[in-house]
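Here is the structure we will look at, set down as structure tokens.
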Amino acid sequence: MGWVHTFSEKLNRGVEIAIGVLAMLMALVTGLQVFFRYVLNHSLFWSEELGRILLVWITFLGATVAYRRKAHVGIDVVVRRMAPERHRTLERFLLAVSCLFFLVLILFGVQFIRFVAHQKTAALGLPMGLPYGVIPLSGLVFCVHAASLGLDSPARSARPSSYGLEDTGVP
């Protein structure tokens, strides 16, 4: 199942690039808004709405990148004391529960996009499905990463130490 890992890695790289582009665009729009408002005394009516949409996309896509890297905050005091085979069983169970949540993101995200399909954003007049489209999209990306992590070998899936506590002898 190496193709799943490869696909997940390439997808993650593409998402990272997309986040970079969206973040640069958000910084540019925000900078233009500040310039226009305080230097030219003329506000760009669309910039705040676009900045909000970009921030939502960056947030959801960024969460998928953090999930792939296992960088989300976790309390692993109990898990670190488990035997490796129990740890792997628990990890797979949690991946399955996560996948259920990701499927909820996909299904209800698509349902919500259909619900708001005929609405437009206030300032830009964009279809409301555009800002909300990131919800099912991120659910799909989460599912790909969960499949990759679930198929990962026990040796490769060990969670990196948090702040190097294991190295300092702190239990």
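If you're wondering where the values come from, they're calculated on a predicted model, not measured in any experiment.
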### Spacing of F7 atom CZ and H145 atom NE2 [to the nearest 0.5 Å]
9.0 Å
### Task
To the nearest 0.5 Å, tell me how far F108 CZ sits from F115 CZ.
13.5 Å
#### Entry: Hydrophobic cluster membership, F102 vs V110, 4.5 Å side-chain cutoff
no
### Query
Linking I/L/V/M/F/W/Y whenever any side-chain heavy atoms sit under 4.5 Å apart, do L55 and V34 land together?
no
### Query
Within the distance-only criterion (no hydrogens, no angle test), does the side chain of Q33 pair as donor or acceptor with the backbone N or O of S43 below 3.5 angstrom?
no
## Note on the structure
Rounded to the nearest 0.5 Å, the OG atom of S98 sits from the CG atom of L149 at a distance of 9.5 Å
### Task
Could you tell me whether E16 and R68 make a salt bridge, using a distance below 4.0 angstrom between a side-chain N and a carboxylate O?
no
### Task
For the residue pair I19 and W57, establish whether any side-chain heavy-atom pair is separated by less than 4.5 Å.
no
### Task
Look at the side-chain heavy atoms of Ile, Leu, Val, Met, Phe, Trp and Tyr, link any pair under 4.5 Å apart, and say whether V21 and V65 land in one connected group.
no
### Message
Counting C-beta onward and ignoring hydrogens, is there a side-chain heavy-atom pair between Q111 and L107 closer than 4.5 Å?
### Response
no
### Query
Quick check: does any side chain N or O of S8 sit under 3.5 Å from a backbone N or O of V4, one acting as donor and the other as acceptor?
no
### Task
Flag yes if F45 and L32 sit in one hydrophobic cluster, no otherwise; membership is Ile, Leu, Val, Met, Phe, Trp, Tyr, and two members link when side-chain heavy atoms are under 4.5 Å apart.
yes
### Query
Between R88 and E85, is the closest basic N to carboxylate O distance under 4.0 Å?
no
### Query
Got a salt bridge between R86 and E91, using NZ or NE/NH1/NH2 to carboxylate O under 4.0 Å?
no
### Query
Got a donor-acceptor contact below 3.5 angstrom from the H72 side chain to the A63 backbone?
yes
### Task
Please answer whether the main-chain N or O of A27 pairs with a side-chain N or O of T30 as donor and acceptor at a distance below 3.5 Å.
no
## Note on the structure
Between F142 and the options F101, Y67, F60, the ring-ring contact (aromatic ring centres under 6.0 Å, His included) test singles out Y67
### Query
Taking the side chain as C-beta and beyond, is there a heavy-atom pair between L140 and L105 under 4.5 Å?
no
### Summary
Taking every heavy atom of C143 against every heavy atom of I106, the minimum-distance pair comes out as SG-CD1, 4.0 Å
### Task
Dump the intermediate steps for side-chain contact (heavy atoms from CB on, under 4.5 Å) on V116 and Y132, then the final yes or no.
CA-CA 9 Å; V116 297; Y132 295 115; 4.0 Å; yes
### Query
How long is the gap from CG on N12 to CD1 on I17, to the nearest 0.5 Å?
10.0 Å
## Note on the structure
When rounded to the nearest 0.5 Å, the distance separating CD1 of I58 from CE of M26 is 5.0 Å
### Task
Report whether L28 and L44 are members of the same hydrophobic cluster (ILVMFWY, side-chain heavy atoms less than 4.5 Å apart, transitive linking).
yes
### Message
Minimum heavy-atom separation for I113 and P136, please, with both atom names.
### Response
CD1-CG, 3.7 Å
## Note on the structure
Rounded to the nearest 0.5 Å, the CG atom of L130 sits from the OG1 atom of T121 at a distance of 8.0 Å
### Task
Report yes if some heavy atom in the side chain of P131 is under 4.5 Å from a heavy atom in the side chain of V56; otherwise report no.
no
